[in-house]
Protein chains: 2
Amino acid sequence: MEDNTARFEKLLVKNGLKRTAPRLQVLEILSGRDSATSQPYLEQVMGKDADRVTLYRVLQAFEEKGIIHKVLDQQGTANYAICSDGCSAHEHHDEHVHFNCDNCHKIYCLDTVKIPALKVPAGFKVNHLNLIATGLCASCADKVN
Amino acid sequence: MEDNTARFEKLLVKNGLKRTAPRLQVLEILSGRDSATSQPYLEQVMGKDADRVTLYRVLQAFEEKGIIHKVLDQQGTANYAICSDGCSAHEHHDEHVHFNCDNCHKIYCLDTVKIPALKVPAGFKVNHLNLIATGLCASCADKVN
DNA sequence: CATTTTAATGCAATTATGTTGCAAATATAA
DNA sequence: TTATATTTGCAACATAATTGCATTAAAATG
Ligand SMILES: [Mn+2]
Ligand SMILES: [Mn+2]
Ligand SMILES: [Zn+2]
Ligand SMILES: [Zn+2]
C-alpha cells in the first residue's frame with residue numbers, strides 16, 4: 001500500500017476543502033475500516049486531537065461534498081462510510097443495502113446489493129430508498145456455530 | 001365508531017400491563033393518527049399529563065409487547081405506530097415499507113407494500129429488513145402541483 | 001371492603017448527541 | 001510576507017434518552 005495521505009490531500013483540494021489535520025485524520029480512520037464508523041467511535045479515537053464540534057463539521061462537510069455518506073443504525077446513531085464511486089456535491093449514489101449486525105453492531109455497506117425498485121400507493125413520489133438489513137454478519141455468524 | 005377505551009383496556013390486560021392513564025392516553029393518541037407519531041410530538045401533546053420518563057417507559061413496554069413498532073425517520077428520531085396485525089411479545093411482523101415525506105415529515109406505514117426478499121453476500125444471516133422510502137407523500141405531492 | 005402485593009409513576013440527576021455564535025488560529029492565495 | 005478566507009476551539013445551549021429511588025396506585029387476595 002502506498003501513501004494514503006497524498007491521496008487524501010488531493011481529495012480535499014479537489015473538493016475545495018483545506019488540508020487540515022482533523023480532516024486527514026478522519027479520512028485515515030474511515031479508510032482503515034471495513035465497516036461504517038459511528039460518530040461516537042470517531043470521537044473516542046480522535047480524543048483531544050480535535051474538538052467534538054470540529055468532528056461534526058468535518059463529517060458534515062465531507063457528506064455535502066460526496067466524500068462520505070451517513071447511515072443511521074437501528075439505534076438511530078450516525079455512522080459514516082467513504083463513498084465508493086461517483087458521489088459528488090450534487091448527488092450521492094449510495095443506494096446500496098446496509099447490513100447492521102445485531103451482535104457486533106457493525107454496519108457493512110453491501111455495495112454489490114442494490115435496493116430493488118418498489119411499487120408505492122398512488123400519489124406517493126419516491127425520491128430515495130434506504131434499506132437496512134439486520135441480523136448476523138459473516139464473522140459473527142461463524143462464531144455462533 | 002364505538003368506545004375505544006374499552007378496547008384499549010382489554011389490550012393492556014391481555015398483555016399483562018396495568019390499565020393506567022398514561023398508557024391509555026398514548027394508545028388514544030396513536031390510534032387517532034394516520035401516520036407514525038414521533039416521541040417529541042407525543043411528549044408535547046401529553047404535556048404535564050405524564051412525565052417524560054413515563055412516556056419513554058410506556059413506549060418501551062408497548063414495543064416489547066408487540067403493541068406498537070418503532071420507526072426511525074431520516075433524522076434518527078423515533079416514531080411510533082400501532083402494529084397492524086399479529087405482533088406479539090415474541091415477534092413483530094411489521095416488515096412493511098415506511099414512507100418518510102420530505103415535506104411534511106410524516107411517516108406512513110405502507111402496510112400493503114412488502115419488502116422484497118434480498119440476496120446478501122455469503123455468510124450473512126438476515127433477520128429483519130427495514131426499508132424507508134423518502135420523497136413526497138400523496139398529500140404534499142398534490143399541493144406542489 | 002380492607003389489606004397486601006406488585007407494577008408503574010414522578011422526580012432528580014446524569015449521559016449522549018448534536019447545534020450555534022464568536023473569537024482565535026491557520027491554510028492558502030496574492 | 002502579507003492579506004484573505006476558511007477552519008478550528010471554546011462556551012453555551014438544546015434535545016433525546018437512561019438510571020436509581022422514593023412514592024403512588026392498580027390489581028390481587030382474603
Ligand atoms: Mn454505504
Ligand atoms: Mn409501520
Ligand atoms: Zn457482526
Ligand atoms: Zn407529506
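Numbers restart at 1 for each chain; the letters A, B, ... are given by sequence-line order, proteins then strands.
Counting to the nearest Å, the C1' atom of C:dA25 and the CZ atom of A:Arg19 are 15 Å from each other. Atom P of nucleotide D:dA17 and atom CD of B:Gln75 are separated by 13 Å, given to the nearest angstrom. Between the CG atom of A:Leu55 and the C1' atom of C:dA16 there is a distance of 14 Å, rounded to whole Å. The nearest whole Å value for the distance from the CD atom in B:Gln60 to the P atom in C:dA7 is 16 Å. Distance OH (B:Tyr56) to C1' (C:dT9): 16 Å, rounded to an integer number of Å. Atom-to-atom, CE of B:Met46 to P of C:dA8 comes out at 15 Å; the value is rounded to the nearest Å. The nearest whole Å value for the distance from the CG atom in A:Leu59 to the P atom in D:dT7 is 14 Å. If you take CD of B:Gln39 and P of D:dA16, they are 6 Å apart, rounded to a whole angstrom.
Minimum atom distance to the side chain of A:Ala50 is reached by D:dG9, of the listed D:dA17, D:dG9, C:dA27. Taking every side-chain heavy atom of A:Arg23 into account, D:dT8 is the closest of D:dT8, C:dT17, D:dA26. Listed nucleotides: D:dA26, C:dA27, C:dG18. Nearest to the side chain of B:Thr20: D:dA26. Of all nucleotides listed (D:dA16, C:dA12, D:dA27), C:dA12 comes nearest to the side chain of B:Val53.
For the residue pair B:Asn79 / B:Ser38, no side-chain donor-acceptor distance below 3.5 Å is found, with atom types taken as modelled. Side-chain atoms of A:Asp111 and A:Ser84 form a donor-acceptor pair, as typed in the model, at a separation below 3.5 Å.
Where B:Pro40 and A:Leu17 meet DNA chain D, the nucleotide closest to each residue was compared, and A:Leu17 sits on the side nearer the 5' end. Map A:Gly16 and B:Ala21 each onto its nearest nucleotide of DNA chain D; the residue landing nearer the 5' end is A:Gly16.
Under 3.5 Å, the side chain of B:Arg52 and the base of D:dA17 form at least one donor-acceptor pair of N or O atoms. Side-chain to base pairing of A:Arg57 with C:dG18: no donor and acceptor N or O lie closer than 3.5 Å to each other. Between the base of C:dT6 and the side chain of B:Lys18 there is a donor-acceptor pair shorter than 3.5 Å.
Checked for salt-bridge contact, B:Arg52 and B:Glu43 meet the test: a charged N lies under 4.0 Å from a carboxylate O.
Heavy atoms of B:Glu43 sit nowhere under 4.0 angstrom from any nucleic acid atom.
A cation-pi geometry, defined here as NZ or CZ lying under 6.0 Å from the six-membered ring centre and within 45° of its normal, holds between B:Arg33 and B:Tyr41.
The minimum heavy-atom distance linking B:Ile82 with B:Leu27 is given by the pair CD1-O, 4.2 Å.
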